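All of these numbers come straight from a predicted model, not from anything done at the bench. When reading the values below, keep in mind they use all heavy atoms of this one structure, side chains included, and skip hydrogens, waters and symmetry mates. Just follow the structure's listing: the first ligand is 1, and inside any ligand the first atom is 1.
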Amino acid sequence: MLIVQKFGGTSVGTIERIRNVAERVSRAKRMGHDVVVVVSAMAGETNRLIDLAKSAVPKPDPREMDVLVSTGEQVSTALLSMTLISMGFKARSLQNHQVRLVTDSAYTKAHIKRIDAQKLTSVLKEGAIAIVAGFQGIDEQGDITTLGRGGSDTTAVAIAAALKPHARNGLVCEIYTDVDGVYTTDPNIVPQARKLKQISFEEMFELASSGAKVLQTRSVLFGMKFDIPIHVRSSFNDSEGTMVVNETLDMESVVVTGISYDKNEAKITVLHVSDKPGIAHSVFAPLAEAEIVVDMIIQSASSDGYTDMSFTVPRGDYEKAMAILQELVKQKKATYVVGDDKVSKVSLVGVGMRTHSGVAAKMFKYLSDAGINIQLISTSEIKISVVINEKDMKKAVAVLHKGFGLEDAK
Ligand code: ADP
Ligand code: ASP
Ligand code: MG
(Lines give C-alpha, C1' and ligand atoms only; values in the text may rest on other atoms or scores of the structure.)
(Ligands and ions follow the chains in the order given, each with its own letter.)
Protein backbone atom coordinates (compact mmCIF):
# COMPACT_ATOMS: atom_id res chain seq x y z
CA MET A 1 0.00 0.00 0.00
CA LEU A 2 1.04 3.60 -0.49
CA ILE A 3 0.68 5.72 2.61
CA VAL A 4 1.03 9.49 2.67
CA GLN A 5 1.46 10.60 6.29
CA LYS A 6 1.21 14.27 7.20
CA PHE A 7 2.40 15.56 10.56
CA GLY A 8 1.26 18.98 11.79
CA GLY A 9 3.22 21.56 13.74
CA THR A 10 2.51 20.23 17.23
CA SER A 11 3.42 16.70 16.12
CA VAL A 12 6.92 17.85 15.10
CA GLY A 13 7.16 20.59 17.76
CA THR A 14 10.22 19.22 19.59
CA ILE A 15 13.10 16.86 18.86
CA GLU A 16 11.45 14.29 21.09
CA ARG A 17 8.25 14.53 19.09
CA ILE A 18 10.18 14.23 15.85
CA ARG A 19 11.63 10.98 17.22
CA ASN A 20 8.10 9.84 17.96
CA VAL A 21 7.09 10.68 14.38
CA ALA A 22 10.12 8.78 13.05
CA GLU A 23 9.03 5.77 15.11
CA ARG A 24 5.57 5.88 13.55
CA VAL A 25 6.89 6.35 10.03
CA SER A 26 9.31 3.47 10.50
CA ARG A 27 6.49 1.18 11.61
CA ALA A 28 4.63 1.78 8.33
CA LYS A 29 7.82 1.22 6.40
CA ARG A 30 8.60 -2.02 8.24
CA MET A 31 5.14 -3.29 7.39
CA GLY A 32 6.22 -3.08 3.77
CA HIS A 33 4.34 0.03 2.68
CA ASP A 34 5.62 2.77 0.41
CA VAL A 35 5.75 5.83 2.64
CA VAL A 36 5.71 9.51 1.75
CA VAL A 37 5.78 11.90 4.69
CA VAL A 38 4.68 15.53 4.56
CA VAL A 39 5.73 17.75 7.45
CA SER A 40 4.71 21.15 8.78
CA ALA A 41 7.02 23.62 10.44
CA MET A 42 7.71 23.02 14.14
CA ALA A 43 4.90 24.42 16.34
CA GLY A 44 4.91 28.20 16.49
CA GLU A 45 7.62 28.56 13.84
CA THR A 46 5.42 29.93 11.03
CA ASN A 47 3.96 32.53 13.41
CA ARG A 48 7.45 33.43 14.58
CA LEU A 49 8.60 33.99 11.00
CA ILE A 50 5.54 36.10 10.17
CA ASP A 51 6.12 38.24 13.27
CA LEU A 52 9.76 38.61 12.33
CA ALA A 53 8.78 39.96 8.90
CA LYS A 54 6.28 42.34 10.43
CA SER A 55 8.86 43.66 12.82
CA ALA A 56 11.20 44.28 9.87
CA VAL A 57 8.71 46.22 7.74
CA PRO A 58 5.04 47.12 8.19
CA LYS A 59 3.91 45.55 4.89
CA PRO A 60 6.27 42.74 3.87
CA ASP A 61 6.54 42.03 0.15
CA PRO A 62 4.54 38.82 -0.54
CA ARG A 63 7.26 37.14 -2.62
CA GLU A 64 9.84 37.67 0.11
CA MET A 65 7.31 36.61 2.73
CA ASP A 66 7.05 33.19 1.06
CA VAL A 67 10.84 32.85 0.87
CA LEU A 68 10.87 33.46 4.61
CA VAL A 69 7.96 31.35 5.87
CA SER A 70 8.77 28.34 3.69
CA THR A 71 11.97 27.82 5.70
CA GLY A 72 10.02 26.40 8.65
CA GLU A 73 9.02 23.27 6.75
CA GLN A 74 12.52 22.82 5.32
CA VAL A 75 13.91 22.52 8.86
CA SER A 76 11.39 19.81 9.77
CA THR A 77 12.13 17.72 6.66
CA ALA A 78 15.84 17.62 7.42
CA LEU A 79 15.42 16.84 11.12
CA LEU A 80 13.00 14.00 10.45
CA SER A 81 15.05 12.62 7.59
CA MET A 82 18.32 12.57 9.58
CA THR A 83 16.51 10.91 12.49
CA LEU A 84 15.22 8.13 10.21
CA ILE A 85 18.65 7.70 8.61
CA SER A 86 20.24 7.34 12.05
CA MET A 87 17.67 4.60 12.78
CA GLY A 88 18.96 2.69 9.76
CA PHE A 89 16.33 3.64 7.20
CA LYS A 90 16.81 5.14 3.78
CA ALA A 91 15.19 8.56 3.85
CA ARG A 92 15.41 11.64 1.67
CA SER A 93 14.18 15.17 2.47
CA LEU A 94 12.67 16.92 -0.53
CA GLN A 95 11.82 20.59 -1.00
CA ASN A 96 9.30 21.60 -3.58
CA HIS A 97 11.68 22.50 -6.37
CA GLN A 98 12.71 18.84 -6.13
CA VAL A 99 9.21 17.39 -5.96
CA ARG A 100 8.17 19.97 -8.51
CA LEU A 101 4.98 20.95 -6.85
CA VAL A 102 4.06 23.74 -9.25
CA THR A 103 1.64 26.49 -8.25
CA ASP A 104 0.39 29.77 -9.65
CA SER A 105 2.21 32.92 -8.51
CA ALA A 106 -0.33 34.09 -5.91
CA TYR A 107 2.25 34.45 -3.14
CA THR A 108 1.04 33.52 0.36
CA LYS A 109 -2.11 31.83 -1.06
CA ALA A 110 -0.94 29.92 -4.13
CA HIS A 111 -2.97 27.19 -5.84
CA ILE A 112 -1.39 23.90 -6.92
CA LYS A 113 -1.30 23.42 -10.70
CA ARG A 114 0.52 20.10 -10.96
CA ILE A 115 2.89 17.75 -9.20
CA ASP A 116 5.58 15.81 -10.98
CA ALA A 117 5.14 12.32 -9.53
CA GLN A 118 8.35 11.04 -11.11
CA LYS A 119 10.77 12.31 -8.47
CA LEU A 120 8.70 10.81 -5.69
CA THR A 121 8.22 7.47 -7.42
CA SER A 122 11.95 7.17 -8.09
CA VAL A 123 12.73 7.78 -4.40
CA LEU A 124 10.13 5.17 -3.44
CA LYS A 125 11.55 2.70 -5.96
CA GLU A 126 14.94 2.96 -4.25
CA GLY A 127 13.17 1.81 -1.10
CA ALA A 128 13.62 5.19 0.56
CA ILE A 129 11.12 7.19 2.60
CA ALA A 130 10.36 10.53 0.97
CA ILE A 131 10.06 13.41 3.43
CA VAL A 132 8.40 16.35 1.70
CA ALA A 133 8.13 19.94 2.93
CA GLY A 134 4.46 20.85 3.31
CA PHE A 135 2.83 24.20 2.60
CA GLN A 136 5.14 25.34 -0.18
CA GLY A 137 5.49 25.16 -3.94
CA ILE A 138 7.30 26.81 -6.81
CA ASP A 139 5.71 28.84 -9.57
CA GLU A 140 6.48 28.59 -13.28
CA GLN A 141 9.42 31.02 -12.80
CA GLY A 142 10.88 28.81 -10.08
CA ASP A 143 10.01 31.26 -7.30
CA ILE A 144 8.98 29.90 -3.90
CA THR A 145 5.28 30.16 -3.08
CA THR A 146 3.16 29.04 -0.12
CA LEU A 147 -0.36 27.63 0.00
CA GLY A 148 -1.94 29.63 2.82
CA ARG A 149 -2.16 28.81 6.54
CA GLY A 150 -2.73 25.14 7.19
CA GLY A 151 -1.46 24.39 3.68
CA SER A 152 0.49 21.24 4.57
CA ASP A 153 -2.80 19.34 4.66
CA THR A 154 -3.31 20.30 1.03
CA THR A 155 0.26 19.30 0.12
CA ALA A 156 -0.37 15.85 1.58
CA VAL A 157 -3.70 15.18 -0.13
CA ALA A 158 -2.46 16.62 -3.44
CA ILE A 159 0.62 14.37 -3.31
CA ALA A 160 -1.62 11.39 -2.59
CA ALA A 161 -3.70 12.33 -5.64
CA ALA A 162 -0.60 12.66 -7.83
CA LEU A 163 0.70 9.27 -6.67
CA LYS A 164 -2.64 7.48 -6.92
CA PRO A 165 -1.91 6.02 -10.38
CA HIS A 166 1.35 4.58 -9.01
CA ALA A 167 -0.07 3.08 -5.81
CA ARG A 168 0.25 -0.67 -5.41
CA ASN A 169 -2.62 -2.26 -3.47
CA GLY A 170 -4.38 0.85 -2.33
CA LEU A 171 -3.67 4.29 -1.00
CA VAL A 172 -4.47 6.29 2.10
CA CYS A 173 -3.65 9.80 3.24
CA GLU A 174 -3.19 9.99 7.01
CA ILE A 175 -3.35 13.42 8.65
CA TYR A 176 -1.68 13.19 12.06
CA THR A 177 -2.56 16.05 14.39
CA ASP A 178 -2.95 17.05 18.05
CA VAL A 179 -6.55 15.76 18.39
CA ASP A 180 -7.82 12.20 17.89
CA GLY A 181 -9.86 12.98 14.79
CA VAL A 182 -12.66 15.18 13.55
CA TYR A 183 -15.06 15.96 16.38
CA THR A 184 -18.63 17.25 16.45
CA THR A 185 -17.01 20.59 17.27
CA ASP A 186 -13.58 21.83 18.36
CA PRO A 187 -12.82 19.65 21.43
CA ASN A 188 -10.58 22.42 22.71
CA ILE A 189 -13.59 24.67 23.28
CA VAL A 190 -16.33 22.11 24.02
CA PRO A 191 -14.90 19.24 26.13
CA GLN A 192 -18.10 17.21 25.53
CA ALA A 193 -17.41 17.09 21.78
CA ARG A 194 -17.63 13.60 20.32
CA LYS A 195 -15.20 12.03 17.87
CA LEU A 196 -16.82 11.10 14.56
CA LYS A 197 -16.04 7.68 13.07
CA GLN A 198 -16.59 9.10 9.61
CA ILE A 199 -17.69 12.27 7.91
CA SER A 200 -18.58 12.99 4.28
CA PHE A 201 -16.29 15.08 2.10
CA GLU A 202 -19.07 17.59 1.65
CA GLU A 203 -19.65 18.05 5.39
CA MET A 204 -15.92 18.24 6.04
CA PHE A 205 -15.64 20.87 3.31
CA GLU A 206 -18.39 22.99 4.89
CA LEU A 207 -16.88 22.65 8.39
CA ALA A 208 -13.39 23.51 7.15
CA SER A 209 -14.53 26.46 5.05
CA SER A 210 -16.49 27.87 7.97
CA GLY A 211 -13.58 27.79 10.39
CA ALA A 212 -12.77 24.25 11.62
CA LYS A 213 -9.04 24.28 11.01
CA VAL A 214 -8.48 20.56 11.57
CA LEU A 215 -8.16 20.27 7.76
CA GLN A 216 -7.41 23.06 5.30
CA THR A 217 -10.45 23.55 3.04
CA ARG A 218 -8.54 22.94 -0.16
CA SER A 219 -7.22 19.61 1.06
CA VAL A 220 -10.82 18.43 1.35
CA LEU A 221 -11.52 19.58 -2.21
CA PHE A 222 -8.55 17.58 -3.49
CA GLY A 223 -9.75 14.56 -1.57
CA MET A 224 -13.23 14.88 -3.02
CA LYS A 225 -12.06 15.46 -6.58
CA PHE A 226 -9.56 12.61 -6.71
CA ASP A 227 -11.38 10.31 -4.32
CA ILE A 228 -8.57 10.04 -1.77
CA PRO A 229 -9.47 8.38 1.54
CA ILE A 230 -8.36 10.76 4.31
CA HIS A 231 -7.79 9.46 7.83
CA VAL A 232 -7.51 12.22 10.45
CA ARG A 233 -5.88 10.86 13.61
CA SER A 234 -3.66 11.60 16.57
CA SER A 235 0.11 11.55 16.39
CA PHE A 236 0.22 10.84 20.13
CA ASN A 237 -1.78 7.60 20.31
CA ASP A 238 -2.88 4.71 18.11
CA SER A 239 -6.63 5.13 18.40
CA GLU A 240 -8.69 5.06 15.21
CA GLY A 241 -9.36 8.55 13.97
CA THR A 242 -11.98 9.83 11.56
CA MET A 243 -12.34 8.74 7.95
CA VAL A 244 -13.39 11.42 5.49
CA VAL A 245 -15.35 9.50 2.88
CA ASN A 246 -17.98 9.74 0.18
CA GLU A 247 -21.48 10.18 1.50
CA THR A 248 -23.35 7.01 2.44
CA LEU A 249 -27.13 6.61 2.61
CA ASP A 250 -27.39 6.47 6.40
CA MET A 251 -25.53 9.76 6.80
CA GLU A 252 -28.74 11.68 6.05
CA SER A 253 -30.44 10.32 9.15
CA VAL A 254 -28.21 12.57 11.23
CA VAL A 255 -29.44 16.14 10.93
CA VAL A 256 -26.49 18.04 12.39
CA THR A 257 -23.05 16.44 12.10
CA GLY A 258 -20.87 19.24 13.37
CA ILE A 259 -20.56 22.84 14.48
CA SER A 260 -17.80 25.22 13.46
CA TYR A 261 -16.89 28.74 14.43
CA ASP A 262 -14.82 31.48 12.88
CA LYS A 263 -13.41 34.33 14.93
CA ASN A 264 -11.72 35.84 11.92
CA GLU A 265 -14.78 37.86 10.89
CA ALA A 266 -15.86 41.50 10.62
CA LYS A 267 -19.26 42.89 9.65
CA ILE A 268 -19.87 45.95 7.50
CA THR A 269 -23.16 47.69 6.72
CA VAL A 270 -23.55 50.20 3.92
CA LEU A 271 -26.60 52.30 4.77
CA HIS A 272 -29.04 54.11 2.58
CA VAL A 273 -27.83 53.24 -0.90
CA SER A 274 -30.20 54.03 -3.74
CA ASP A 275 -31.99 50.85 -4.78
CA LYS A 276 -31.38 50.66 -8.50
CA PRO A 277 -29.66 48.27 -10.91
CA GLY A 278 -25.87 48.32 -10.62
CA ILE A 279 -25.66 49.40 -7.02
CA ALA A 280 -24.50 46.04 -5.66
CA HIS A 281 -21.81 46.05 -8.31
CA SER A 282 -20.61 49.50 -7.29
CA VAL A 283 -20.34 48.34 -3.65
CA PHE A 284 -18.63 45.00 -4.29
CA ALA A 285 -16.49 45.60 -7.38
CA PRO A 286 -13.92 47.80 -5.58
CA LEU A 287 -13.70 45.21 -2.79
CA ALA A 288 -13.10 42.43 -5.32
CA GLU A 289 -10.46 44.54 -7.02
CA ALA A 290 -8.68 44.84 -3.67
CA GLU A 291 -8.88 41.00 -3.40
CA ILE A 292 -11.16 41.18 -0.37
CA VAL A 293 -13.35 38.09 -0.08
CA VAL A 294 -16.92 39.00 0.84
CA ASP A 295 -19.17 36.48 2.58
CA MET A 296 -22.78 36.46 3.86
CA ILE A 297 -24.29 39.35 1.89
CA ILE A 298 -27.70 40.55 3.05
CA GLN A 299 -29.68 43.32 1.39
CA SER A 300 -32.63 44.61 3.37
CA ALA A 301 -36.05 45.41 1.87
CA SER A 302 -36.12 48.68 0.00
CA SER A 303 -38.01 51.68 1.34
CA ASP A 304 -38.38 55.07 -0.42
CA GLY A 305 -36.04 53.82 -3.13
CA TYR A 306 -33.19 53.16 -0.69
CA THR A 307 -31.78 50.01 0.84
CA ASP A 308 -29.06 48.82 3.27
CA MET A 309 -26.49 46.11 2.62
CA SER A 310 -24.65 44.08 5.25
CA PHE A 311 -21.89 41.58 4.68
CA THR A 312 -18.84 40.06 6.31
CA VAL A 313 -15.16 40.22 5.37
CA PRO A 314 -12.09 38.55 6.92
CA ARG A 315 -11.05 40.57 9.97
CA GLY A 316 -7.62 41.27 8.53
CA ASP A 317 -9.23 43.10 5.60
CA TYR A 318 -11.63 45.15 7.72
CA GLU A 319 -9.71 48.45 7.78
CA LYS A 320 -8.97 48.24 4.08
CA ALA A 321 -12.63 47.48 3.23
CA MET A 322 -13.90 50.36 5.40
CA ALA A 323 -11.52 52.78 3.67
CA ILE A 324 -12.67 51.63 0.23
CA LEU A 325 -16.33 51.96 1.18
CA GLN A 326 -15.85 55.48 2.58
CA GLU A 327 -15.19 56.43 -1.02
CA LEU A 328 -18.79 55.48 -1.85
CA VAL A 329 -19.97 57.92 0.79
CA LYS A 330 -17.77 60.63 -0.70
CA GLN A 331 -19.25 59.91 -4.12
CA LYS A 332 -22.71 60.17 -2.51
CA LYS A 333 -23.59 56.60 -3.51
CA ALA A 334 -24.27 55.74 0.14
CA THR A 335 -25.05 57.79 3.24
CA TYR A 336 -23.04 55.92 5.88
CA VAL A 337 -20.82 52.94 6.34
CA VAL A 338 -20.72 51.29 9.75
CA GLY A 339 -18.79 48.24 10.85
CA ASP A 340 -17.96 45.94 13.71
CA ASP A 341 -14.82 43.83 13.80
CA LYS A 342 -15.74 42.03 17.02
CA VAL A 343 -18.08 39.45 15.53
CA SER A 344 -17.85 35.69 15.02
CA LYS A 345 -19.60 33.24 12.75
CA VAL A 346 -21.07 30.00 14.07
CA SER A 347 -22.23 27.33 11.60
CA LEU A 348 -24.24 24.11 11.81
CA VAL A 349 -23.37 21.50 9.19
CA GLY A 350 -25.10 18.26 8.23
CA VAL A 351 -26.17 16.48 5.04
CA GLY A 352 -29.37 15.54 6.88
CA MET A 353 -30.53 19.15 6.55
CA ARG A 354 -31.47 18.33 2.97
CA THR A 355 -34.23 16.06 4.17
CA HIS A 356 -35.15 17.51 7.58
CA SER A 357 -36.94 20.81 8.06
CA GLY A 358 -37.05 23.12 11.06
CA VAL A 359 -33.31 23.05 11.79
CA ALA A 360 -32.94 26.83 11.46
CA ALA A 361 -35.94 27.49 13.71
CA LYS A 362 -34.44 25.22 16.39
CA MET A 363 -31.06 26.89 16.06
CA PHE A 364 -32.58 30.35 16.55
CA LYS A 365 -34.55 29.13 19.57
CA TYR A 366 -31.48 27.69 21.32
CA LEU A 367 -29.61 30.94 20.71
CA SER A 368 -32.46 33.15 21.91
CA ASP A 369 -32.96 31.01 25.03
CA ALA A 370 -29.29 31.69 25.78
CA GLY A 371 -29.86 35.45 25.28
CA ILE A 372 -27.64 35.56 22.19
CA ASN A 373 -28.54 38.13 19.54
CA ILE A 374 -28.22 37.11 15.88
CA GLN A 375 -26.88 39.80 13.57
CA LEU A 376 -26.78 38.05 10.18
CA ILE A 377 -28.03 34.69 8.92
CA SER A 378 -27.14 32.70 5.84
CA THR A 379 -28.16 29.23 4.76
CA SER A 380 -27.09 26.75 2.12
CA GLU A 381 -28.22 23.21 1.41
CA ILE A 382 -26.31 21.60 4.27
CA LYS A 383 -25.22 24.57 6.41
CA ILE A 384 -26.75 27.38 8.47
CA SER A 385 -24.48 30.19 9.67
CA VAL A 386 -25.12 33.09 12.01
CA VAL A 387 -23.00 36.11 12.85
CA ILE A 388 -23.03 37.06 16.52
CA ASN A 389 -21.01 39.18 18.93
CA GLU A 390 -17.66 37.48 19.44
CA LYS A 391 -18.11 37.46 23.22
CA ASP A 392 -21.06 35.05 22.75
CA MET A 393 -19.21 32.65 20.45
CA LYS A 394 -18.19 29.93 22.93
CA LYS A 395 -21.56 29.96 24.62
CA ALA A 396 -23.34 29.71 21.26
CA VAL A 397 -21.29 26.69 20.21
CA ALA A 398 -21.91 25.03 23.59
CA VAL A 399 -25.71 25.55 23.62
CA LEU A 400 -26.08 24.40 20.01
CA HIS A 401 -23.89 21.38 20.63
CA LYS A 402 -26.06 20.38 23.57
CA GLY A 403 -29.35 21.39 21.92
CA PHE A 404 -28.76 19.26 18.84
CA GLY A 405 -27.73 16.28 20.97
CA LEU A 406 -24.14 16.08 19.77
CA GLU A 407 -22.63 15.40 23.19
CA ASP A 408 -20.75 12.28 24.07
CA ALA A 409 -23.13 9.65 25.42
CA LYS A 410 -20.79 9.08 28.41
P1 ADP B 1 -1.92 20.76 12.81
O2 ADP B 1 -0.86 21.65 13.37
O3 ADP B 1 -1.71 19.32 13.13
O4 ADP B 1 -2.18 21.00 11.36
P5 ADP B 1 -4.25 22.35 13.48
O6 ADP B 1 -4.07 23.22 14.69
O7 ADP B 1 -4.13 23.01 12.15
O8 ADP B 1 -3.26 21.12 13.61
O9 ADP B 1 -5.64 21.60 13.54
C10 ADP B 1 -6.02 20.86 14.68
C11 ADP B 1 -6.91 21.70 15.57
O12 ADP B 1 -8.18 21.90 14.91
C13 ADP B 1 -7.31 21.06 16.87
O14 ADP B 1 -6.33 21.25 17.86
C15 ADP B 1 -8.63 21.74 17.21
O16 ADP B 1 -8.46 22.81 18.13
C17 ADP B 1 -9.08 22.35 15.88
N18 ADP B 1 -10.44 21.96 15.51
C19 ADP B 1 -11.43 22.83 15.14
N20 ADP B 1 -12.55 22.18 14.87
C21 ADP B 1 -12.31 20.86 15.07
C22 ADP B 1 -13.11 19.68 14.96
N23 ADP B 1 -14.39 19.74 14.56
N24 ADP B 1 -12.54 18.50 15.25
C25 ADP B 1 -11.25 18.43 15.63
N26 ADP B 1 -10.44 19.51 15.77
C27 ADP B 1 -10.96 20.72 15.49
N1 ASP C 1 3.27 25.81 8.80
C2 ASP C 1 2.11 26.28 8.07
C3 ASP C 1 1.15 26.99 9.02
O4 ASP C 1 1.42 27.10 10.20
C5 ASP C 1 1.42 25.20 7.30
C6 ASP C 1 0.82 24.08 8.10
O7 ASP C 1 1.18 23.86 9.26
O8 ASP C 1 -0.04 23.38 7.56
O9 ASP C 1 0.14 27.49 8.59
MG1 MG D 1 -3.28 22.51 10.34
So is Asp153 polar-close to ligand 1, meaning N/O to N/O under 3.5 Å?
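The answer is no, given that Asp153 and ligand 1 share no N or O pair closer than 3.5 Å.
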Any N or O on Gly9 sitting closer than 3.5 Å to an N or O of ligand 1?
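Yes; at least one N/O pair falls below 3.5 Å.
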Would you compute the distance between atom [atom1] of [X] and atom [atom2] of [Y] and round it to the nearest 0.5 angstrom?
X      : Y      : atom1 : atom2 : answer
Lys342 : Lys263 : NZ    : NZ    : 13.0 Å
Lys6   : Ile230 : NZ    : CD1   : 11.5 Å
Leu163 : His166 : CG    : NE2   : 6.5 Å

Suppose I only count heavy atoms of Ser40 and a 4.0 Å limit; which atoms of ligand 2 are within that range?
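Numbered from 1, ligand 2 contributes 6 (C), 7 (O), 8 (O).
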Which of the numbered atoms in ligand 2 are under 4.0 angstrom from any heavy atom belonging to Arg149?
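With Arg149 as reference, the close atoms of ligand 2 come out as 3 (C), 4 (O), 9 (O).
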Any [X] heavy atom less than 4.0 Å to ligand 1:
X      : value
Lys6   : yes
Gly150 : no
Gly181 : yes

I'd like to check [X] versus [Y] (side-chain heavy atoms, cut-off strictly below 4.5 Å). Are they in contact?
X      : Y      : answer
Arg354 : Ile382 : yes
Val343 : Ile388 : no
Leu120 : Val132 : yes

Test of understanding: given a 4.0 Å heavy-atom threshold, classify the contact between Pro187 and ligand 1 as side chain, backbone, both, or neither.
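Side chain only; the backbone of Pro187 stays clear of ligand 1.
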Residue portion contacting ligand 1 (non-hydrogen atoms closer than 4.0 Å) for Val214:
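It is both backbone and side chain that touch ligand 1.
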Electrostatic pair Lys113:Asp104 at N-O distance under 4.0 angstrom:
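Salt bridge absent between Lys113 and Asp104.
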Could you tell me whether a side-chain N or O of [X] sits under 3.5 Å from a main-chain N or O of [Y], the two making a donor and an acceptor?
X      : Y      : result
Thr184 : Arg194 : yes
Arg24  : Arg19  : no
His356 : Gly352 : yes

Under the criterion side chain to side chain donor-acceptor pair (under 3.5 Å), which of Thr145, Asp143, Asp61 is the partner of Tyr107?
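It is Asp143; the other options fail the test.
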Considering Ile175, Ile189, Val182, Asp186 one by one, which has a heavy atom nearer to atom 18 (N) of ligand 1 than any of the others?
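Nearest heavy atom to atom 18 (N) of ligand 1 lies in Asp186.
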Below 3.5 angstrom, do we get any N/O pair linking Thr46 and ligand 2?
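So ligand 2 has an N or O lying under 3.5 Å from an N or O of Thr46.
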With only distance considered, is Gly9 within less than 3.5 Å of ligand 2 through an N or O on each side?
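N/O-N/O distance under 3.5 Å: no.
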Ring centres under 6.0 angstrom apart (Tyr176, Phe236)
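No, too far apart.
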Per-atom contacts, ligand 1 versus [X] - under 4.0 Å to a heavy atom:
X      : answer
Asp178 : 10 (C), 11 (C), 13 (C), 14 (O)
Tyr183 : 22 (C), 23 (N), 24 (N), 25 (C)
Thr185 : 22 (C), 23 (N)

Which residue holds the protein heavy atom closest to atom 8 (O) of ligand 1, what is that atom called, and what is the gap in Å?
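Protein heavy atom at minimum distance: Thr177 OG1, 3.1 Å.
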Which residue and non-hydrogen atom of the protein lie closest to atom 7 (O) of ligand 1, and at what distance in Å?
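Checked against all protein heavy atoms, atom 7 (O) of ligand 1 sits closest to Lys213 O, 3.5 Å.
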Side chain, backbone, both or neither: which applies to Glu45 and ligand 2 if a contact is any heavy-atom pair less than 4.0 Å apart?
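Looking at Glu45 and ligand 2, no heavy atom falls under 4.0 Å.
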Is Gly151 near ligand 2, meaning one of its heavy atoms is under 4.0 Å from it?
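In this structure, Gly151 qualifies as a contact of ligand 2 - some heavy atom is under 4.0 Å.
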